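Letters go in sequence order (proteins before strands), and every chain restarts at 1. Please read these numbers as outputs of a predicted model, since none were measured by experiment.
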Amino acid sequence: MSGINNFAFKLANVNGTGSASANGLLMQAIFRMGIPVSGKNLFPSNIQGLPTWYEVRVNGEGHTARTPDFDLMVAMNAETYGRDIAEVVPGGYVLYDSTWPLDAQLKRADVTLLGVPFARLCTEHFAESRERILMKNIVYVGTLAALLDIDMATVHQMLEEKFERKPRLKDSNRKAIELGYRYAREHLDCELPFGLKAMDATADKILIDGNTATALGCLYAGATVAAWYPITPATSVMDAFKSLCQRFRRDPVTGKNRYAILQAEDELAAIGMVLGAAWAGARTFTSTAGPGVSLMGELLGLGYYAEVPAVVFDVQRTGPSTGMPTRTQQGDLLACAYASHGDTKHVLLFPCDPEECFYFAVKAFDLAERFQTPVFVLSDLDIGMNDWAVKRLKWDDSYQPDRGKVLSAAELDALKKYYRYWPENEDAVAARSLPGVSSKGAYFARGSGHNKYGGYTELPSEYQEVVDRLARKHRRAARAVPAPVIHRTPGARFGIVSLGGCDGAVREALGLLKQRGFLADYLRVRAFPFDERVEGFLSSHDVNFVVEQNRDGQLRTLLLAETSVEKRRLKSVRVYGGFPLSARDVVEGITAKLAAERQAEREAHQEE
Amino acid sequence: MSGINNFAFKLANVNGTGSASANGLLMQAIFRMGIPVSGKNLFPSNIQGLPTWYEVRVNGEGHTARTPDFDLMVAMNAETYGRDIAEVVPGGYVLYDSTWPLDAQLKRADVTLLGVPFARLCTEHFAESRERILMKNIVYVGTLAALLDIDMATVHQMLEEKFERKPRLKDSNRKAIELGYRYAREHLDCELPFGLKAMDATADKILIDGNTATALGCLYAGATVAAWYPITPATSVMDAFKSLCQRFRRDPVTGKNRYAILQAEDELAAIGMVLGAAWAGARTFTSTAGPGVSLMGELLGLGYYAEVPAVVFDVQRTGPSTGMPTRTQQGDLLACAYASHGDTKHVLLFPCDPEECFYFAVKAFDLAERFQTPVFVLSDLDIGMNDWAVKRLKWDDSYQPDRGKVLSAAELDALKKYYRYWPENEDAVAARSLPGVSSKGAYFARGSGHNKYGGYTELPSEYQEVVDRLARKHRRAARAVPAPVIHRTPGARFGIVSLGGCDGAVREALGLLKQRGFLADYLRVRAFPFDERVEGFLSSHDVNFVVEQNRDGQLRTLLLAETSVEKRRLKSVRVYGGFPLSARDVVEGITAKLAAERQAEREAHQEE
Amino acid sequence: MPSIKKPPVAHPSLQPNTLGLSLRDYEGAMSTLCAGCGHDSVTAALVRTFFELNVAPHMVAKLSGIGCSSKTPTYFLTGAHGFNSAHGRMPALASGAAAANRDLTIVGISGDGDSLSIGLGQLCHALRRNVRMLYLIENNGVYGLTKGQFSASSDVGSRSKKGEKNLQRPIDPVLLGLSLGASFIARGFSGDKQQLVALLKAALSHRGFALVDVLSPCVTFNDHEGSTKSYKHTRAHRLTVVETDFVPPAQEVTAQQEPGTTLSVTLHDGSTVRLSRVPEDYDPRDRSKVFSWLEAHQHRGEIPTGLLFLDEAHGDMHQMASTVERRLHDLPFEELCPGSAALEAFQKDYH
Amino acid sequence: MPSIKKPPVAHPSLQPNTLGLSLRDYEGAMSTLCAGCGHDSVTAALVRTFFELNVAPHMVAKLSGIGCSSKTPTYFLTGAHGFNSAHGRMPALASGAAAANRDLTIVGISGDGDSLSIGLGQLCHALRRNVRMLYLIENNGVYGLTKGQFSASSDVGSRSKKGEKNLQRPIDPVLLGLSLGASFIARGFSGDKQQLVALLKAALSHRGFALVDVLSPCVTFNDHEGSTKSYKHTRAHRLTVVETDFVPPAQEVTAQQEPGTTLSVTLHDGSTVRLSRVPEDYDPRDRSKVFSWLEAHQHRGEIPTGLLFLDEAHGDMHQMASTVERRLHDLPFEELCPGSAALEAFQKDYH
Ligand SMILES: Cc1ncc(C[n+]2csc(CCOP(=O)(O)OP(=O)(O)O)c2C)c(N)n1
Ligand SMILES: Cc1ncc(C[n+]2csc(CCOP(=O)(O)OP(=O)(O)O)c2C)c(N)n1
Ligand code: SF4
Ligand code: SF4
Ligand SMILES: [Mg+2]
Ligand SMILES: [Mg+2]
């Protein structure tokens, strides 16, 4: 099935050897040729010396979910030759370093081996030992350019841009690429059954990772205080936010910063800082991953109960516990939805790609301030750290932040008396007042029992009045969060429900299922609490497959608990090994369930 | 309806004035008269000077759930006269301090006021000012003895026991009681329509609070290391454990301790100590409340994933956040069941009274070590801190702790090689080995990705193999946890499901509902994961009312998520103002739902 | 016994300050603490301090954790916003508030349990960040609100009300602060209002993290014989190391002291602290001297009080972060959002 | 570049120790840290220490938090149980393990991020509890595993790899330990194995919490020009305050040093540490002197190393808790459970 602009290859390397920049170069070159492409980085939780892989999928039709079928393996790590060569599809190719002979045992009859003496070429052409290691990767870029028909002009243009201010590096990169290119042309049969041909499918797109897009969203939303503690895969949200702020948030006159980024001592402090800053009136956020969310539990409950806006980006990784920090998963749905003891319920947004990371980040601030409550944006390692080809981001200059009901000194003055939690508006929200504005707005925020006036209480009726409004407020938020995306197929026999980064694989799977005669409607949940359309969709199908990336079917649990949809309508398809979802996972998961059901029906029939 | 051995009274005091001991005296005297009695202490979250109440219910039939109908109010706090007097049932009585005249506005035509000049009597008969305050409470004990026919011999016997070594205190107490008793006899009409008459219903019972019973359970289970951080209402678990250990766990020769209680710096440290001690082989536990559970989240996930036994007593209080620390609730079900990010699931036990606190504490250690996982025991403030009349506790001397699979040096020696997580037994559990035993058992416990051998992994298949077993293990635990208690009523039209401290009120409500013609079966869930009988019960009723003390119907959510029962069968009745549940709450909750349903049916009918 | 309603007794000092506010305007709700609790004396000192410093109530932000001590913010400055947060987490909330609005006068009130056990890490890091705030520990050597457990500041040999003896070494916020490079460290006693007011004034004028440890006896659980944090013990062992006199910016420093034992330090807002009766071998600007001196005296059971250490040179959180000298929380949106053209240009790098 | 498989190279020193074990028996899995990482040198020192102390591997319990440093326990003593716990929580787990089984030799390995940021509170409290353990901080002034952020031990003025300058004051575990009353404090350098082995031996023989801060450069993120935790900077500014010589119980202390500069301290297990070249104005048993001396020298940019402070008088956690001198975790059940008769009797009070 592979062919022009439709294939996948994988690069097997050792981390800390500079392969990331070579792989990035490859991705971008293909992207600039106008061809839809995606890259998945599978890296270990260490700094140097362990195996690392980079998977590139080229698909002219725009399917850029992960695929587990590789037409070509670039095997640069002798440690993992065995498993890497085994992973190639029959009829596929392996490009390896022929400086040393390949162990005969590793050879496969159904796979073509392409040897290039990368190490030798580097030893012959570069002097320094570090350079020799780094340039090996660049050499294979050249070889692949020859094998796959990557446009060399594009590659050279990229080198110009990338090393604009580092001419020496530019020269060695160019040299390395030439070496690899020339060797391939001279020694290899470059007529592979797949390859690249320029298209025009990426002109209105960018290649960006979700964490950078998230940071851009925070910048554009006007966030001024960020607090965080480093953790994979969320660290790059703050790295990006910082570099964006350094570029766009310096006072032109004084050179001073229009933002404060606080590197906290841990996640308990980070969320505490966010609550403090939000209480004082700032747009503020933190970014973290599962272990951080666990640590933030107590204060998230405080934010919920005292009604303090806060935005938390949870870039999910594989749990439980420390789990696999460099693998992806959607395992924190319940932990976030019900974070903290007691009756708490939070608002969650589920972006599906970097584009939505950008827009949802902005939305999250608007929602947090409008509803005066913590709002989570749950992306994951796959979205956050991999480069995705998405639509160019747009900004509407007429946008004004929705800061919710916040009373000015004049508005406070006009009141007879100010009460923090009363009266409520149609969102079940009451007006805030900020410190530093007016004594009249002074109140005591607290996590202990309080009545609607903000006073301390231990009376059941007063206590209930407030927590009942909080429950109401959470329900009201369903009208304000991003609506689900629904994709109907005429004649559909069942529904598929999914969320976040599963989207690409599910959309691709819809086509594959159709080919097999299975017609399905598809709904992508984009937020919790659930919009009424979610319930409508689910109730309109006898069977809905809930596709998600965790062991326990957490989205299904949430749908069960928080809609009135009958349980029998919700079947679970779960993939949770830590790699990004593929269409094959989805198709296999659903067809297996369908087959099992038919089998059960048949058996029931026989018993009758 | 009130009458002999069937009434309730309430004592309104100011905290810090020593009323607790007077109220305890009253309770115990009634109990010793052989009459079923219960006391609910409603105290503020401060130390001194705020209103506090104590409710006593006397019920010959043994219904000792809270009742909101008071026949008699002992109004000792002028601050709260208004609301206290308003709370008495029509035809009821108010006993107040007539040293000062009662504000005419407070008088009620339908209530009889009984004045006793408590303050004056004390001023006249006691010299010290602190004594005058404290003895006022003891004086009302005497008055109530006269009014309610409390056996004076019993009271005197109790004073003898209580002040065995404090003759001066005994004398003043006796004097105060005599004062109150004599004044009542001389000045009041003591013929109330309700009162006490000795019975023989408490001979095989004790009057005990759940936290003391829990501590006894820990003592008998052989727990040796306890770590904790003070928090209401869990503090008295550790206070009791300490005093029990001081009594029963001193080495008779050296006088040294056969236990270690570590007062940690916070709950994160407390659960960390428990994990460390358990990993090193001790039976170990912590006690806490909601905020502590929130803080323990990350490490509970570590315990789950690294498979470390741990017992956590969560004495629930009203949430969210700090909430109402001295009010009861069942609000931590979801927080405990799914504590921590990622896919985690814990084992929960739900004792219904101090008796079960004792037995479930022992059970919790057995389960934790057998299944090598954290086990929660969820009681609440009502169970934990109030005195309950329960069956005398029994101990089977043949009991041996189930320490699960732990390999000795000899067993390890006999193995070819030891692997931490393989092979698994019928519980889906593998054998542990402890440090300090043998090098052959050495392994690396970790919260990061690991395979069944205990080695680090980032491979999907190896990772999944372990987490899938964990899911299986959790399901297997359903067979080992305390079975649900089922109470069938012939001709029942619906089911009631409840848990923990709701039990008394629900059982009383069953009778009241029956009187109104509503026959119901009743199942009390005693643990999560759910025994298959839970599912059987729920599926056998079209409608099951899930009665629980939280806002969001957390037990219902858990039943929805973790059984295959259809949603429509589960209706929710929730009471969550912070006071212990009463039968009236249950009856009203259920009949209101039934009425609403009938109304809906009728309307649907009309529309047709 | 306190009551929740406020008794309508006329106040002795109702003369207005320069803002036209009376002392009463700096008070708060009626205390619900135990009669005689040291914390209530701290409240009184805070009320007087703010009154005399002519602080506009709405510019103050009061934050606390959980504990009897952490209830204090309710009892002063009704006109200021307050946040009674979670146990041990006040330092983080205060840091966030300070970041959002640098014009606020941040007052954090905590207890020894709140600050030295569960909140120890946050205290140390807020200090290290040099957040501009008054950080006041109402130190009673005990967990009051949870009824009498030892806290991390309980001294070796001190006995609990039940008679147990503490054997663990105490965490002394003053020595701790010195080791961490704190810029302002003082110790007061709730029983000495005059000293406390002077210390609080200096602390509030300090541009940075002002750590004030106040011995504040718990009359209910830690005021018995055998306690080293009782009124009696504190009175008997207290030592005033340096007498502190606070002179606001406008006023002139006039009084003369014997040379050698007096020291004047000008704070960033122009006010002056005049330290007198400084011991010969003591210099409140020399971290290691202060440490040795205090360690030696505390070893003997003495309780040194006063403005113990001061370093005006270190930049505060905002200086270190080089933020604009405006409130971040309400910067105009136009100054924050780069707009569509910039977004368009930015994305060039992503093609 | 390290590899996961262990190269079958013959080891130089395979002579057995008194337990009949060779140095190889004290090793662990092959390191997956960066080539040249300071932490690997610490591993080597640990291996040698345990070998030379003749410790039975199974009696050691190795615990750590999360970080490159926290991976260290994997790389030594395969024959000992290990627990790679959660970030910053090792002290609590170690305390619990020590409580359960007092016969274990507890070794906690941590990083500056793990110990001084997220785990600061736990470190301080384990220290205060005087848990008997070796607490080793592999201090590189940076978050290695999360790729190069400043940590709380980054010095003022030190530059990150990206060129940013740290302005916050560092938390120095040594000064911190002094202020908290630690009973054993040392500082070593991963580049000086001989000194480190002597310090580790003394630490392991100490009956209490032995805090060992080891400067352990991160070659990948903090070994550049401008870093104050690089190999180069550390070598240039290091100062050996006291030379430490560890003499095991059996052996006799023989060598003579010039009087006045040598000091011998006998530890509880009978071994001796002999401290030589102690500066005139330094006394490792005098907390405040040590503080002043170190503060002054560190102020000048020097990095004092050695066994800096020692107090053998303070009881450890078990002594303070007065526990039986047996392992709690496997006391016979009969000694723990009072039985039915006692329960019957006990309930008399509850009727
Ligand atoms: C997470 C959490 N754990 C425990 C508690 C219970 N708690 C409330 S106050 C307090 C200690 C207060 O001690 P301190 O800070 O010294 O204040 P004091 O009452 O002595 O003034 C504790 C442990 C809590 N509120 N939150
Ligand atoms: C709760 C939590 N937050 C954040 C992280 C991410 N994290 C892993 S290691 C580390 C810092 C390690 O620094 P350090 O302790 O100095 O060790 P080093 O790598 O420098 O040796 C962080 C922040 C985590 N694992 N857990
Ligand atoms: S218990 Fe102690 S600290 Fe709390 S209010 Fe009473 S006296 Fe004050
Ligand atoms: S990143 Fe630094 S600390 Fe981590 S292994 Fe590499 S050199 Fe060592
Ligand atoms: Mg205290
Ligand atoms: Mg580090």
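Expressed to the nearest 0.5 Å, how far CZ of C:Phe291 lies from CG of D:Leu175 amounts to 8.0 Å.
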Report the donor-acceptor contacts between chain C and chain D below 3.5 Å as a table, one pair per row.
from, atom 1, to, atom 2, distance (Å)
C:Leu116, O, D:His125, NE2, 2.7
C:His125, NE2, D:Leu116, O, 2.7
C:Arg128, NE, D:Arg169, O, 2.5
C:Arg128, NH1, D:Gln168, OE1, 3.2
C:Gln168, OE1, D:Arg128, NH1, 3.2
C:Arg169, O, D:Arg128, NE, 2.5
C:Arg169, NH1, D:Gly181, O, 2.9
C:Arg169, NH1, D:Asp311, OD2, 3.3
C:Arg169, NH2, D:Asp311, OD2, 3.0
C:Arg169, NH2, D:His314, ND1, 3.4
C:Ser179, OG, D:Ser179, OG, 3.3
C:Gly181, O, D:Arg169, NH1, 2.9
C:Ser292, OG, D:Ser292, OG, 2.6
C:Asp311, OD2, D:Arg169, NH1, 3.3
C:Asp311, OD2, D:Arg169, NH2, 3.0
C:His314, ND1, D:Arg169, NH2, 3.4

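Using a 4.5 Å cut-off between heavy atoms, D:Ala321 does not touch chain C at all. Neither the backbone nor the side chain of C:Leu123 has a heavy atom closer than 4.5 Å to any heavy atom of chain D. With a 4.5 angstrom heavy-atom cutoff, D:Ile118 does not touch chain C via any of its atoms.
Contact of the C:Leu176 side chain with the D:Leu176 side chain is registered, since non-hydrogen atoms from C-beta on lie closer than 4.5 Å. Residues C:Leu120 and D:Leu120 are not in side-chain contact: their nearest non-hydrogen atoms beyond the backbone lie 4.5 Å or more apart.
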